[in-house]
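Here is the structure we will look at.
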Amino acid sequence: MPEQFLFAMEVILNGLMAGVLYALVALGFVLIFKASGIFNYAQGVMALFAALTLVGIMDGQIPFSHIINATFGTELHHFGWHVPALLAIILTAGVMVIFAWLVQRYIFRHLVNQEPIILFMATIGLAYFLEGVGDLMWGSDIKKLDVGLPQGINEWIDVTTFEAFGYGFFIDNLDISATIVAVFLVAALIIFSQYTKQGRALRAVADDHQAALSVGISLNFIWVLVWSIAGFVALVAGIMWGAKSGVQFSLSLIALKALPVLMLGGFTSIPGAIVGGLIIGVGEKLFEFLIGPMVGGATENWFAYVLALLFLVFRPQGLFGEKIIERV
């Protein structure tokens, strides 16, 4: 086979792997929007906060230590222990559940029946508040996240190589790990929604809030549940992206990369988030490979948004989204 074609195949494989990381972030948006109709602008910051909290717990870092030191003239930084990665992930998941309860109890419970723009503005405020709290708790320096996954911020790149048709293929091991985790995560979400009582209640709320209320389903419980699940998804995304590029405050910008994924797949479809992520991942890699050299490169920064714009013009509900028909 021509070497150019084989190189294109390698580009497609790496695009699929990158698309999985985009899909992980988009899943959090879909879960909350589907269950409550809220577009959660804070999803990217939730991934950042979860990753910061995980690193802080693993390293035994004292929360707000730099504020305590500046106030009392002390030099406290760490408790003096190192928490195993698995236990730290469980504790961080618990923190995200507490966060979900606080968000529902003190913010969205008081905004029931408000206009969508009001709810959206509330998530913007929540995003900046959470980013500020994360900075105060754990500091703003770049942190290395090591939970046993291949690292992406070392001096060398951890890759898997294999040969096919006489050509050596290179795939980032972190992307392989992310793909495996994403497959299990999506399978778990599907099993949860289809075969558990809480999952069926969540789908009922997503279909019709009033009908769900009439059969005794607690909307408060469901919204805490869905924000908790979205928090766990944010934790997984934060781990993958944090291992890839380090835990830093630019990590919250991954939410912007998820927006084209949502526009392609649809805001209410879990399979759409996966398919949209794969399309964006492969599309931007192939476009950079085929067209990038002709226009000076750097097309990955804008390709996804141009593709999303085309979908907004010709199919605004996305590939898997529901077309809303209103009678007037």
Side-chain angles (χ1 to χ4, degrees), residues 1-27 47 145 147-190 233 236-246 251 254 256-265 269-295 297-308 311 318-320:
M1 288 188 181
E3 185 171 336
Q4 194 78 352
F5 174 76
L6 293 173
F7 185 61
M9 292 297 296
E10 181 180 342
V11 170
I12 291 173
L13 284 174
N14 281 283
L16 288 171
M17 303 294 181
V20 168
L21 292 176
Y22 299 153
L24 279 176
V25 183
L27 275 174
L145 177 58
V147 294
L149 294 173
Q151 297 293 293
I153 56 174
N154 295 338
E155 296 179 356
W156 51 278
I157 299 175
D158 190 1
V159 298
T160 290
T161 62
F162 63 93
E163 188 170 312
F165 306 106
Y167 178 82
F169 288 80
F170 298 87
I171 300 178
D172 191 335
N173 282 337
L174 178 59
D175 290 341
I176 295 175
S177 301
T179 301
I180 295 172
V181 170
V183 168
F184 278 102
L185 181 62
V186 173
L189 287 174
I190 292 174
V233 172
V236 174
I239 290 173
M240 297 304 169
W241 283 95
K244 192 177 185 69
S245 57
L251 186 66
I254 60 176
L256 298 179
K257 202 67 174 185
L259 293 180
V261 174
L262 294 169
M263 293 173 189
L264 263 67
S269 173
I270 291 177
I274 303 299
V275 174
L278 296 179
I279 291 175
I280 292 293
V282 172
E284 67 180 14
K285 299 292 184 186
L286 271 181
F287 194 84
E288 176 69 27
F289 170 63
L290 297 173
I291 308 298
M294 303 179 190
V295 296
T299 62
E300 290 188 36
N301 295 328
W302 52 263
F303 170 81
Y305 300 97
V306 173
L307 183 59
F311 264 77
L319 293 174
F320 295 85

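Please read all numbers here as calculations on a predicted model, not as lab measurements.
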Practice item. Taking the side chain as every heavy atom from C-beta outward, state whether V25 and K257 have any atom pair closer than 4.5 Å. Key: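 In short, these two side chains do not touch, never coming nearer than 4.5 Å.
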How far apart are the closest heavy atoms of [X] and [Y], and which atoms are they?
| X | Y | result |
| --- | --- | --- |
| Y305 | L256 | OH-O, 3.0 Å |
| L262 | A26 | CD2-O, 3.7 Å |
| L27 | L185 | CD1-CD2, 4.5 Å |
| S269 | F320 | OG-CB, 3.3 Å |
| A47 | L251 | O-CD2, 4.2 Å |
| M263 | A308 | SD-CB, 3.6 Å |

Exercise for review: Kindly determine whether I279 and L307 satisfy side-chain contact (heavy atoms from CB on, under 4.5 Å), including the steps that lead there.
Suggested key: CA-CA 10 Å; I279 291 175; L307 183 59; 4.2 Å; yes
Study note, to complete from the structure: Rounded to the nearest 0.5 Å, the NZ atom of K285 sits from the CG atom of L13 at a distance of 12.5 Å
Review point. Looking at CG of L278 and CD1 of I12, how far apart are the two atoms once the value is rounded to the nearest 0.5 Å?
Key: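 So the gap between those two atoms works out to 12.5 Å.
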Exercise for review: Kindly assign one of parallel, tilted or perpendicular to the pair W302 and F287, based on the angle between their ring planes and the thresholds 30° and 60°.
Suggested key: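 W302 vs F287 ring planes: perpendicular.
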Check your understanding: Does E288 reach the main-chain N or O of T299 with its side chain, forming a donor-acceptor pair under 3.5 Å?
Key ->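 Judged by distance alone, yes, a pair lies under 3.5 Å.
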Practice item. Before giving the answer on side-chain contact (heavy atoms from CB on, under 4.5 Å), spell out for I280 and L264 the whole-Å C-alpha distance, their side-chain angles and the decisive distance to 0.1 Å. Key: CA-CA 9 Å; I280 292 293; L264 263 67; 3.8 Å; yes
